[in-house]
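Structure first, then comments.
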Protein chains: 2
Amino acid sequence: MEKKFQAIYDLLAKEIQTEKIKAGQLLPSENELTERFTTSRETVRKALQLLSQNGYIQKLQGKGSVVLEQDKLPLPVSGLTSFKELSRSMSQKVETIVTSLSCKNAHGLIQQVLQCEEGTPVWELHRLRKLDNEAVIYDKDFLLNELAPGLTEEIAGDSIYDYLEKELGLSISYAKKEVVVEEAQAEDKAIMDLGSYQQLVVVRSAVYLEDTTLFQYTESKHRPDKFRFVDFARRTK
Amino acid sequence: MEKKFQAIYDLLAKEIQTEKIKAGQLLPSENELTERFTTSRETVRKALQLLSQNGYIQKLQGKGSVVLEQDKLPLPVSGLTSFKELSRSMSQKVETIVTSLSCKNAHGLIQQVLQCEEGTPVWELHRLRKLDNEAVIYDKDFLLNELAPGLTEEIAGDSIYDYLEKELGLSISYAKKEVVVEEAQAEDKAIMDLGSYQQLVVVRSAVYLEDTTLFQYTESKHRPDKFRFVDFARRTK
DNA sequence: TAGCATAACTTGTATATACAAGTTATGCAA
DNA sequence: TTGCATAACTTGTATATACAAGTTATGCTA
């Protein structure tokens, strides 16, 4: 049985996403929700806490919980809209090409980034992402073989995470990311459709499981005009 | 009086930051903490929830709360270290120059991004950030005059947020951000030390107060080699 | 009518209790 | 000694209660 507060969160999140409850409106009060779901107020509050954390609502003491507008960053100052087109185009043609998948024994850099023993078998996976037939994203993944022994090109072409979570029962817990801009290497220029772009946005991320083991290290290179990162952040200090 | 769970959070966060409790170690159990702070377990759990959210600890059912390493993204793959130098250099010479501060009546784009009435008085603030005597960051801020009527160049040269929170009692609650790469404009080239860089990392952010009013809109342009964005994210789906 | 105290809401904090679920150490039994 | 059930921990979920603090509507009073 799914946890109660999670179920309430899922339900309310869906109602907000589908605009059954629209931005600017108030959610039912905590007491009303408590009755509706025949639960306790604390449980409702846990669900609301999640909604707040993920940018769905803002809680106002004495008033209630207002639904926030989704994403909606006010218009960009310049007339540039290329990145908006990109975000809209998530539904457009996206193609993933596995350019290499091999299992190596960790050494030097790989061993360092995965923080594992020398010689530990690790997958090295290279994927090229094409948006509208242009190769604009190039991903290099390193992951512990031990945790995903049955990795194949087919799986790699899909979502690795689905495979991990649904097939292997592993659960990703948290990640650390870094975004920088670097010169395109010869390899990048050879394999990507870079045109005259000389620099790439590089996203390096370390992905951890629930037990804090570092599971995956990824370096994702993006052609600058096709890169967009959106973030919602609350303040805790 | 400060809230209890907040106080516990602050104390534990400090202990982790100063490495009184080191990465890899376990925090005292919830029951022990409950005793130490003469409080209830739920209150301790609220504090731990905050620590978890902010990447200080990972909770393991049945075991305890392990302290995570701070930031520590495994080594970058390439030999490039310029951005690391930058992050280290936060203590190096940083200089802020207010290049313009004026109060205008909102119209067109400004009115649009601040989502206010036509004609509402708004501050327009331009600041140039110099790192080691190089002008590498250029910020344009728009903020509602109504909420910060006493803004001056001196304050703007400092931290605006300190002024807002400590002087005006306003509290920033959340922000939406977008990171993209765009061509440097003529103005950017004129005012920044760009060298041969033709593109800039642009961070656009909308800052909201607790009552969900959009208070500030910022466009921050960074010379690519001096830009670095680090993120810790937990998974909620 | 206008103003104002107050009642009736809302969310925020703090506490107590019970049991479920996962991990580790204990100690008995073969 | 080894193996295994179990006890004694740990965190996770759910519930109930009390009062504080902020907002809004009510309705009385001048």
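First the proteins, then the strands, lettered A, B, ... as listed; each starts at 1.
Distance, B/Glu32 CD to D/dT11 C1': 13 Å, rounded to whole Å. Look at CD on B/Gln6: it is 9 Å from P on C/dT13, rounded to the nearest Å.
Listed by first then second residue, pairs satisfying salt bridge (charged side-chain N to carboxylate O under 4.0 Å, His left out) with a partner in residues 50-62 of chain B read B/Glu30-B/Lys59, not counting sequence neighbours.
Between A/Lys3 and the phosphate of D/dT13, there is a side-chain N or O to OP1/OP2 separation shorter than 4.0 Å. For D/dG12, the OP1/OP2 oxygens have a side-chain nitrogen or oxygen of B/Lys59 closer than 4.0 Å. When the side-chain nitrogen and oxygen atoms of A/Arg45 are compared with OP1 and OP2 of C/dG12, one or more of them lie within a distance under 4.0 Å. Residue B/Asn31 has no polar side-chain atom (N or O) positioned under 4.0 Å from OP1 or OP2 of D/dC9. One finds no side-chain N or O of B/Ser29 lying less than 4.0 angstrom from the OP1 or OP2 phosphate oxygen of D/dC9.
Between B/Thr213 and B/Asp211, the side chains place a donor N or O and an acceptor N or O closer than 3.5 Å (distance only, hydrogens not considered). Side-chain contact annotation: A/Tyr9 with A/Gln49, donor-acceptor N/O pair under 3.5 Å absent.
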Give the dot-bracket line for DNA chain D from 5' end to 3' end: parentheses for intra-strand Watson-Crick or G-U pairs under 3.5 Å, square brackets for crossings, | for inter-strand pairing, dots for unpaired.
||||||||||||||||||||||||||||||

Dump the pairs, protein N or O against N or O of nucleotides 16-21 of chain C, anything under 3.5 Å, distances to one decimal.
unit_1: C/dA21; atom_1: N3; unit_2: B/Gln61; atom_2: NE2; d: 3.4

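If you check every strand for non-hydrogen atoms under 4.0 Å, B/Leu60 touches sugar and phosphate atoms only.
Applying the salt bridge (charged side-chain N to carboxylate O under 4.0 Å, His left out) rule to A/Glu124 yields the partners A/Lys104; only residues at least two apart in sequence or on another chain are considered. Partners of B/Lys46 according to the salt bridge (charged side-chain N to carboxylate O under 4.0 Å, His left out) rule, which considers only residues two or more places apart in sequence or in another chain, do not exist here. Listed by chain and residue number, A/Phe232, B/Tyr208 satisfy the ring pair (Phe, Tyr, Trp, His ring centres under 6.0 Å) test with B/Tyr174 (two or more places apart in sequence, or in another chain).
Ring planes of A/Phe142 and A/Tyr217: tilted class, angle from 30 to 60°.
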